[in-house]
Amino acid sequence: TGANVVALASVVQSFEAIFCSDCSHIWSDECAAPQHFIGCKVVPVKSHQGKITPAAIEALFGPDRGVHHARPKLVSITQPTELGSLYSLAEIRALGEFCREHGLLLHADGARFANAAAALDVSLANLSHGAGIDILSLGATKNGALNAEAVLFFSDDGRGKNGFVRKQVTQLPSKMRFIAAQFDALFGSDLWLENAQHANAMASRLANAAANCGIELLLPQQINALFPRLSNELIAVLQKECDFYVWDEAQAIARWMTSFNTAEEDIVTFEKLIRAAC
């Protein structure tokens with residue numbers, strides 16, 4: 001949330017609008033932090049499997065009535081999405097071209113950006129500014145770091161202003177060098193990639209385990225996130241043994257995440273629990 005607020009507040013003014021997915025973190029999970037700190041308008045765009053398209057965004061522009069409407073300024077996507085799906089390089093490039101045509105900036109909420117790069121087998125550079133992204137909230141916490149995120153500006157937009165924004169929204173901790181040192185360890189080597197590949201691989205094993213037990217997933221597994229369709233009875237039994245979120249109570253869809261420190265033994269144990277419960 002802090003990284004997203006710094007990123008967005010550095011380039012968006014109160015009379016401007018941000019367009020994002022209707023299931024995006026900045027719309028549904030940040031307690032209106034962007035609106036609070038920027039005072040801007042956030043417009044949710046109808047998504048498909050967590051992703052938005054240029055056509056869906058443009059449909060919400062409406063007529064240009066000058067000062068009577070908030071001025072479109074930025075499109076924000078989540079890579080990978082909150083539903084565990086991935087934007088392909090072609091999809092990001094199409095969004096980037098759309099933004100340039102309309103004088104907009106393209107921001108990516110990359111809390112699990114490393115998992116996306118590992119799954120797509122592309123470099124961080126090619127997946128970000130190489131694909132047309134202007135601003136990236138680069139997550140490290142979900143890739144093994146402790147309380148560490150970064151905001152990368154690939155154009156002049158926001159530069160000079162972002163330092164003041166970071167301070168004003170209380171994201172300049174004392175002794176930041178100790179937090180920042182983790183980026184040397186993660187991104188100064190392939191550790192970020194190894195952690196992401198491991199998390200994705202554990203999710204793949206978990207997906208296979210679920211399939212073997214006849215459990216359907218909301219979407220095919222692409223990264224380290226699974227959304228299984230369960231029954232309320234099965235959820236109740238499993239939650240007695242382990243902790244996980246129920247993503248959609250009405251449809252009994254759970255949320256299972258694997259991480260950099262998920263062990264193979266964890267997957268084996270969980271599969272046994274599922275089999276016994278089923």
Side-chain angles (χ1 to χ4, degrees), residues 1-12 18-21 24-27 29-30 33-34 37-38 42 50-52 57 73-82 84-100 104-145 147-163 165-166 169 171-172 176 179-180 182-188 190-193 195-196 223-224:
T1 301
N4 283 336
V5 169
V6 169
L8 300 172
S10 296
V11 296
V12 179
I18 296 169
F19 293 81
C20 61
S21 161
S24 68
H25 208 264
I26 65 170
W27 170 250
D29 289 286
E30 294 189 349
F37 284 103
I38 308 171
V42 178
K51 299 189 289 184
I52 57 178
I57 299 165
K73 176 64 179 183
L74 179 143
V75 171
S76 179
I77 62 172
T78 310
Q79 175 71 333
T81 74
E82 287 77 8
S85 57
L86 289 168
Y87 285 93
S88 67
L89 282 175
E91 288 172 322
I92 298 176
R93 288 178 183 134
L95 284 163
E97 291 173 4
F98 169 80
C99 287
R100 286 188 289 275
L104 307 175
L105 295 171
L106 180 60
H107 164 258
D109 178 344
R112 296 181 175 85
F113 205 69
N115 299 93
L120 294 170
D121 192 24
V122 297
S123 69
L124 294 171
N126 287 337
L127 190 58
S128 54
H129 62 87
I133 290 172
D134 298 298
I135 309 166
L136 172 65
S137 298
L138 177 62
T141 302
K142 297 182 187 300
N143 193 222
N147 196 34
E149 320 289 353
V151 178
L152 284 72
F153 294 86
F154 301 119
S155 67
D156 290 333
D157 296 279
R159 287 180 181 169
K161 183 180 177 183
N162 63 78
V165 171
R166 179 181 63 179
V169 300
Q171 293 300 312
L172 182 63
M176 183 180 266
I179 297 174
Q182 297 174 90
F183 284 89
D184 286 337
L186 274 174
F187 299 102
D190 285 335
L191 181 57
W192 69 271
L193 180 59
N195 285 353
I223 56 159
N224 61 323

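This chain uses plain numbering: 1 for the first residue, then up along the sequence. Every heavy atom of this structure was used, including side-chain atoms; hydrogens, water molecules and symmetry mates were not.
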Beyond-backbone contact of Leu8 with Ile26, side-chain heavy atoms, under 4.5 angstrom: yes
Might you work through the side chain to side chain contact (heavy atoms under 4.5 Å, CB included) test for Leu152 and Ile133, ending with a clear yes or no? CA-CA 10 Å; Leu152 284 72; Ile133 290 172; over 6 Å; no
Which pair of non-hydrogen atoms, one from Ile92 and one from Ile77, has the smallest distance, and what is that distance? CG1-CD1, 4.3 Å
Student check: side-chain heavy atoms of Leu120 and Gln79 closer than 4.5 Å: yes
At their closest point, which heavy atom of Leu86 faces which heavy atom of Ala119, and how far apart are they? CD1-CB, 3.7 Å
Looking only at non-hydrogen atoms, find the nearest pair between Ile223 and Pro80 and report the distance. CD1-CG, 3.3 Å
So how far is it from Ile52 CD1 to Glu91 CD, rounded to the nearest 0.5 Å? 11.0 Å
Any chance you could measure Asp134, atom CG, to Ser155, atom OG, to the nearest 0.5 Å? 5.0 Å
Heavy-atom check, side chain of Asn4 versus side chain of Glu149, under 4.5 Å: no
So Thr1 and His25, do their side chains get closer than 4.5 Å, heavy atoms only? yes
Would a 4.5 Å heavy-atom cut-off, applied to side chains only, mark Leu104 and Phe98 as touching? yes
To the closest 0.5 Å, what do you measure between OG (Ser88) and NZ (Lys51)? 6.0 Å
Backbone N/O of Val151 and side chain of Ser137: donor-acceptor pair under 3.5 Å: no
Residues Arg93 and Gly130: closest non-hydrogen pair is NE-O, 4.4 Å
May I ask you to test the Asn195-Leu186 pair for a side-chain heavy-atom distance under 4.5 Å? yes
I'd like to check Leu105 versus Val12 (side-chain heavy atoms, cut-off strictly below 4.5 Å). Are they in contact? no
When rounded to the nearest 0.5 Å, the distance separating CD of Glu30 from OG of Ser24 is 8.0 Å
Side chain Gln182, main chain Ile179, donor-acceptor under 3.5 Å: yes
With rounding to the nearest 0.5 angstrom, report the OG to CD1 distance, Ser128 to Ile135. 12.5 Å
Please report the closest heavy-atom contact between Ala114 and Trp192, naming both atoms and the distance. CB-CE3, 3.7 Å
Crowded around Asp121 CG? As in, over 12 foreign heavy atoms under 6.0 Å? no
Taking every heavy atom of Gly158 against every heavy atom of Phe153, the minimum-distance pair comes out as CA-CE2, 4.1 Å
Measuring from atom NZ of Lys142 to atom CZ of Phe113, what distance do you get when rounded to the nearest 0.5 angstrom? 16.0 Å
